[in-house]
Amino acid sequence: MSNILKNHIAKFAQVSDNDFEQIKKFFDIKETCKKENLLMEGQICRHHYFVLDGLLRKFYINEKGTEQTTEFAIETWWLTDNFAYENQLATEFYIQAVEKSTLLYITLEKQQRLLEEFPVMERYFRFVYQRAYAAAQKRIKFLFSFSKEEFYFQAVRNHPEFIQRVPQYLIASYLGFTPEYLSEIRKRLLS
């Protein structure tokens, strides 16, 4: 399983086998059940999660009491509440396993020590954060540029395997509409 992380790091930074053996000691592993909450609103955000296998989502509960999904993480993606994690604050979000998942995770203290002992990991995490920021920018552009229907069609075109994998009610939550409305859109798409 550590080979998954090793291969992911290798995409962005050069780390020797000996260094990687030391780097992986900074991480712990966790197996989750489907729908297990890893983080709940009001808790201090202590972990940054790397998905080895499975699917996570980050969401909050809006003023109407509805879950609003803001991010997903599949294999080789990272997920946390970045602001709460970096500042060790109480979060406004939940992080939940959508599927049974296997995760690596790191605490802020361990991550800071990791970066001090292995400066090459600064490069790795810079690329991780840059990609996450770029994805967030793209999502914001789609939210402002497309109708909800067009936003869904973009998701289907760009990530069909992801749309097939994630339950329909969570896709609706991510796109900002009801599962019923998503059903109507899907029916129109099929006809």
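As a basis for the values below, the full set of heavy atoms in this structure was taken, side chains included, without hydrogen atoms, waters or symmetry mates.
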* Could you walk me through whether N82 and E86 pass the side chain to side chain donor-acceptor pair (under 3.5 Å) test, one step at a time? => CA-CA 6 Å; N82 288 305; E86 295 291 333; over 6 Å; no
* To do: Kindly determine whether N37 and Q96 satisfy side chain to side chain donor-acceptor pair (under 3.5 Å), including the steps that lead there.
  => CA-CA 4 Å; N37 286 323; Q96 183 182 72; 3.2 Å; yes
* Check the pair Y94 / F59 against ring-ring contact (aromatic ring centres under 6.0 Å, His included), numbers first and verdict last. => CA-CA 5 Å; Y94 293 77; F59 67 96; 4.9 Å; yes
* **Working for side chain to side chain contact (heavy atoms under 4.5 Å, CB included), residues C45 and Q88** => CA-CA 6 Å; C45 184; Q88 292 295 276; 5.6 Å; no
* **Verdict with reasoning, T107 to R46, per side chain to side chain donor-acceptor pair (under 3.5 Å)** => CA-CA 6 Å; T107 64; R46 301 192 189 284; over 6 Å; no
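In this structure, CD on Q130 lies 6.0 Å from CZ on F127, to the nearest 0.5 angstrom. Between the CG atom in L114 and the NZ atom in K24 there is a gap of 14.0 Å [rounded to 0.5 Å]. To the nearest 0.5 Å, atoms CG (L39) and OG1 (T91) are separated by 4.5 Å. Rounding to the nearest 0.5 angstrom, the gap separating the OG1 atom in T69 from the CG atom in L175 is 9.5 Å. In this structure, the separation between CZ on R113 and CE on M121 is 14.0 Å, given to the nearest 0.5 Å. Distance check: L56 CG to E99 CD gives 9.0 Å after rounding to the nearest 0.5 Å.
Cluster membership for L79 and Y133, using ILVMFWY side-chain heavy atoms within less than 4.5 angstrom, is not shared. Cluster annotation: L104 and I106 are assigned to the same hydrophobic cluster (Ile/Leu/Val/Met/Phe/Trp/Tyr, side-chain heavy-atom contacts under 4.5 Å, transitive). Under the 4.5 Å side-chain heavy-atom criterion for grouping Ile, Leu, Val, Met, Phe, Trp and Tyr, F93 is not connected to Y49 through any hydrophobic cluster. By the rule that hydrophobic residues join a cluster once side-chain heavy atoms approach within less than 4.5 Å of another member, L170 and F153 end up as members of one cluster. Hydrophobic clustering (ILVMFWY, side-chain heavy atoms < 4.5 Å, transitive): V166 and Y152 are in one cluster.
In terms of modelled atom types and a separation under 3.5 Å, the side chain of H8 and the main chain of T76 share a donor-acceptor contact. Side chain of Q43 to main chain of M40: a donor-acceptor pair is present (N/O by atom type, distance under 3.5 Å, no hydrogens or angles). In this structure, the side chain of K58 engages the main chain of T80 through a donor-acceptor pair within 3.5 Å. For the pair S145 (side chain) and K141 (backbone), a donor-acceptor distance under 3.5 Å is present. When atom types are taken as modelled, the side chain of N158 and the backbone of Q154 share a donor-acceptor pair closer than 3.5 angstrom. Using a distance-only test at 3.5 Å, with no hydrogens or angles considered, no donor-acceptor pair links the side chain of N87 to the main chain of L89. The backbone N or O of Y169 lies less than 3.5 Å from no partner atom in the side chain of S173, so there is not a single donor-acceptor pair. Looking at R139, its side chain does come within 3.5 Å of a backbone N or O of T70 through a donor-acceptor pair. With hydrogens and angles disregarded, a donor-acceptor distance shorter than 3.5 Å links the side chain of N62 to the backbone of G65. E150 places a side-chain N or O within donor-acceptor distance of the main-chain N or O of S147, the cut-off being under 3.5 Å.
Summarising the local packing, CD of E161 is surrounded by more than 12 heavy atoms from other residues, nucleotides or ligands at distances under 6.0 Å. Counting non-hydrogen atoms of neighbouring residues, nucleotides and ligands closer than 6.0 angstrom, the CD atom of E92 reaches no more than 12 such neighbours.
Taking 4.5 Å as the limit, some side-chain heavy atom of L5 sits within range of a side-chain heavy atom of F27. Taking the side chain as every heavy atom from C-beta outward, I61 and T66 never approach each other to under 4.5 Å. F26 places a side-chain heavy atom less than 4.5 Å from the side chain of E117. Two residues are said to be in side-chain contact when any heavy atoms from C-beta on lie closer than 4.5 Å; Y181 and E149 meet this criterion. Side chains of I29 and L103 form no contact here, defined as non-hydrogen atoms less than 4.5 Å apart.
Between A90 and G42 the shortest heavy-atom distance is CB-O, 3.5 Å. Minimum interatomic distance between L55 and V51 (heavy atoms only, all atoms of both residues): N-CG1, 4.5 Å.
Checked by atom type, the side-chain pair E31/S101 shows no donor-acceptor distance below 3.5 Å. Y85 and Q111 share a donor-acceptor pair across their side chains, judged by distance under 3.5 Å alone.
Checked for salt-bridge contact, E75 and R165 meet the test: a charged N lies under 4.0 Å from a carboxylate O. With respect to K30 and E36, a salt bridge is recorded, a charged nitrogen being found less than 4.0 Å from a carboxylate O. A salt bridge is defined here as a Lys NZ or Arg NE, NH1 or NH2 lying under 4.0 Å from an Asp or Glu carboxylate O, and D53 with K100 fails to meet this definition.
With ring centers used as reference points, F72 lies under 6.0 Å from F162. Taking the six-membered ring for Trp and the full ring otherwise, W78 and Y129 have centroids separated by 6.0 Å or more.
By the 30° and 60° cut-offs, the orientation of the rings of F12 relative to Y124 is tilted. Aromatic ring orientation, H47 versus Y105: perpendicular (interplanar angle above 60°, classes split at 30° and 60°).
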